[in-house]
Amino acid sequence: MRWSSALIPTLKETPADAVAPSHVLLLRAGMIHQLGAGAYTYLPLGLRVLKKAEAIIRQEMDAAGALELLMPALQPIELWRESGRFETFGDLLMKLRISGGHHMALGPTHEEVVTDVVRDLVNSYKQLPITLYQIQTKFRDEPRPRFGILRTREFLMKDAYSFDADVDQLGASYDAMYEAYHRIFDRCGLPYVVVEAESGPIGGDASHEFMVPCDTGEDRVARCDSCGYAANQEKAEVGDAPAAARAAELPPYKAERTPGQKTIKDVCAFLKVDEKTSGKLMVYLADGKHVAALLRGDHEANEAKIRRAFGAEVLAPADPDSIPKATGAPVGFLGPIDIKIPMIVDKAVLAMETIVVGGNEVDVHLTGVVPGRDFKIDRVADLRNADAGDPCPRCGQAMEIKAGLEIGHVFKLGTKYSKAMGATFLDDKGVEIPLIMGCYGIGVNRIVAAAVEAGHDENGIVWPLNLAPYQVVVIPLTVKPGPVMETAEGLADRLREAGHDVILDDRDQRPGFKFKDADLIGFPLRIVVGERGLKEGKIELKWRSESEPKTVSTATGVEAVLAELRTAERKLREACQANRARREAAGKP
RNA sequence: CGGGGCGUGGCGCAGCCUGGUAGCGCGCCUGCUUUGGGAGCAGGAGGCCGUGGGUUCGAAUCCCACCGCCCCGACCA
């Protein structure tokens, strides 16, 4: 490619609306162009990166035995009613009406469609196991698109779905995808961690997320450095903290007037006590019944944990209007003493000597309440989100919380969709059994964003070799016909013939201008051909990730550059293999 | 959906408070000079001032409504 005939609109200044590094740099490097909130054009350079990620994904999915197909984005709404997700997906589902009055949806994910395909075409255990995948545009009516291409209303996703005859087969299918994901992200050169994840409304019982640590990430990951435990914050378990050593004789609790003070913040400020010594009673509807969770005031309730603690299928915050009737106490002044609904106490409360709680009476809070003495603690569970410093559930050491960007997610679905939609097969005894499913997603655009988030410096992007729009940029310092231009063109041709992506910066610009653009875009390898160097029989070669250039002789130039590229590719392969060996040594997830 | 901010050539901004010929830098076009880290000089093109309504002799500027974009929160298979 000759730069002069490319469309690469680099920007010297930072666009005002961009905040996240990946957003700023992809715009400045001329890779994307905004159409509207959460809708971006991939310009030629950006598209090349996207396609490279896509190619790596496709290769590894094929290698893992998954079969590629392509399903429609346009889907009848009935399918969503059939699975029950028309309700649970809610406003996130893009709905439209087409001619003839048909109600359709633009697919945000494809469990329904793939289940429909499989229920029609797979009927026997002999056809199992099978994993199907596609790389396709998804649509979600995100309430708040953000950070450039990080969260958009339309995005490219690789989604795979496994269908198995039994749980063991599902385990094998899951492991195959899990391993393929490692290979994909290793080849993309991304720094990532795998964390245990909440499977969420999609259901199921096992789930892992692949996260790239970066400040722009919207997820929070709890991690223990001592033992390596890592989980999404919403999934992370909290280890046991030492129980409070209570003085033998504590004074009885006191009722305090707290007129109008309803929130933890207000009450604690009013009573001049630390929020860490307060408690909050949260009321939920567990499968339609009112239940309560008692947490330390400054802690964050985790609805999934609370749902499980109550053994409920569905948990939702109770409607405030319904609370007084159910509990006999006014909202804002709820407390654990003599509460009339089932209550589970969070572990952390056990570590509190005394606690400030609501008095179950308007404008009254109680101080000096002793857990276990003043109210019954018959059920204790982990009900909250882990915080930095909380004990690791495995080893008890303090965990840390870091931001992460989710690029991939694998989970075991079970029979949620196959049962709802009647996707069954006949086993070797002729018995009809619902298929067991797993699903596996990769945000292709997010690989691009994550690579930039994880790979940039003050001068611009530093692309991993396998994702770069072009691996090599050849810069002739003068573009007038002559030896410099001829050498540069020859070099570019030879590298291209050897199978590398090359762009020749044939623009009639000063050297500094071209260097700035090359650094901004982040081509991994830069080759400079100048008159001065040529006279000395030398050309310059510089890796974007290194600070110092190397010089090679003109005579062996092509071979030297090819050797450099081969070495870089070998190193990357070796790193992938080393990671693989480490995984094998560590055993299954 | 709640809170905050912003809409003025392709990009970054000033002008608005106090109404009266729309301005600067970058980029773009032409020419000359320059050529190893975003060159200099000269000339030039390009703007329904987000949209609609109102006030006024007169609106980028004041008022009202709407639309759009960004950030925080809620939400996020």
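To find a chain, count down the sequence lines: A is the first, B the second, and so on, and within it residues start at 1.
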Counting only heavy atoms not in A:Asp457 (residues, nucleotides, ligands), do more than 12 fall under 6.0 Å from its CG? yes
Counting heavy atoms from C-beta on, name the nucleotide in B:G36, B:G38, B:C26 closest to the side chain of A:Leu477. B:G36
With the side chain defined as heavy atoms from C-beta on, A:Phe147 is closest, among B:C13, B:C70, B:C72, to B:C72
Rounded to whole Å, CG of A:Leu27 lies from C1' of B:C69 at a distance of 13 Å
Any base atoms under 4.0 Å from A:Tyr161, or only sugar-phosphate, or nothing? Heavy atoms, all strands. nothing
A:Asn302 versus A:Arg384, closest heavy-atom pair with distance: CB-C, 3.7 Å
In Watson-Crick or G-U wobble terms, both distances under 3.5 Å, what is the partner of B:U18? none
Heavy atoms under 4.0 Å, any strand shown: does A:Pro15 hit a base, just sugar-phosphate, or nothing? sugar-phosphate
Taking only side-chain N and O atoms of A:Gln34, does any of them lie within less than 4.0 angstrom of OP1 or OP2 on B:G68? no
Partner of B:C13 by Watson-Crick or G-U wobble geometry, both contacts under 3.5 Å, or none? B:G23
How many whole angstroms separate atom CD1 of A:Ile149 from atom P of B:C70? 14 Å
Counting only side-chain heavy atoms from C-beta out, which of B:C76, B:C75, B:C11 sits nearest to A:Pro143? B:C75
State, with a plain yes or no, whether a side-chain heavy atom of A:Val502 is found less than 4.5 Å away from one of A:Met1. no
Can a side chain N or O of A:Arg144 be found less than 4.0 Å away from OP1 or OP2 on B:C72? yes
Of the listed nucleotides (B:U34, B:G12, B:G38), which one gets closest to any side-chain atom of A:Arg510? B:U34
Whom does B:C76 pair with, Watson-Crick or G-U wobble, provided both distances fall under 3.5 Å? none
When both distances are under 3.5 Å in a Watson-Crick or G-U wobble arrangement, the nucleotide paired with B:C62 is B:G54
Close side-chain approach of A:Phe139 to A:Pro108, heavy-atom, < 4.5 Å: no
Over how many whole Å does the gap from A:Leu11 atom CG to B:C26 atom C1' extend? 10 Å
Starting at the 5' end of RNA chain B, which residue's closest nucleotide do you reach first, A:Glu218 or A:Leu35? A:Leu35
Under 4.0 Å between any heavy atoms, over every strand shown, what does A:Thr478 touch: base, sugar-phosphate, or nothing? Just pick one. nothing
Roughly how many Å apart are B:C49 and B:A14, using the C1' atom of each and rounding to a whole number? 13 Å
Just how far, in rounded Å, is P of B:G37 from CZ of A:Phe515? 7 Å
Select base, sugar-phosphate, or nothing to describe what A:Gly533 touches, counting heavy atoms under 4.0 Å on all strands. nothing
Atom CG of A:Asp91 and atom C1' of B:C75: how far apart are they, to the nearest Å? 10 Å
When you compare B:C69 with B:C11, how far apart are their P atoms, in angstrom units rounded to a whole number? 15 Å
Under 4.0 Å, counting only non-hydrogen atoms across every strand here, what does A:Asp519 touch: a base, just sugar-phosphate, or nothing? base
Which whole-number value in Å describes the distance from A:Lys12 NZ to B:G12 P? 15 Å
Please confirm whether A:Tyr181 and A:His208 have ring centers closer than 6.0 angstrom. no
So which nucleotide does B:C69 pair with, by the Watson-Crick or G-U wobble rule with both distances under 3.5 Å? B:G5
Take atom CD of A:Glu68 as the centre, draw a 6.0 Å sphere, and report whether it contains more than 12 heavy atoms from other residues, nucleotides or ligands. yes
For B:C32, the Watson-Crick or wobble counterpart (both distances under 3.5 Å): B:G40
Go ahead and name the base partner of B:C49; Watson-Crick or wobble counts if both distances stay under 3.5 Å, otherwise write none. none
Residue met sooner reading RNA chain B from 5', once A:Leu92 and A:Pro145 are mapped to nucleotides: A:Pro145
Work out which heavy atom in A:Tyr470 is nearest to a heavy atom in A:Phe523; give both atom names and the distance. O-CD2, 3.3 Å
N/O donor-acceptor pair, side chain A:Gln509 with base B:G38, under 3.5 angstrom: no
For A:Tyr440, report the nucleic acid contact type (base, sugar-phosphate, nothing); a contact means any heavy atom under 4.0 Å. nothing
Scan A:Arg28 against the nucleic acid and name what it touches under 4.0 Å (heavy atoms): base, sugar-phosphate only, or nothing. base
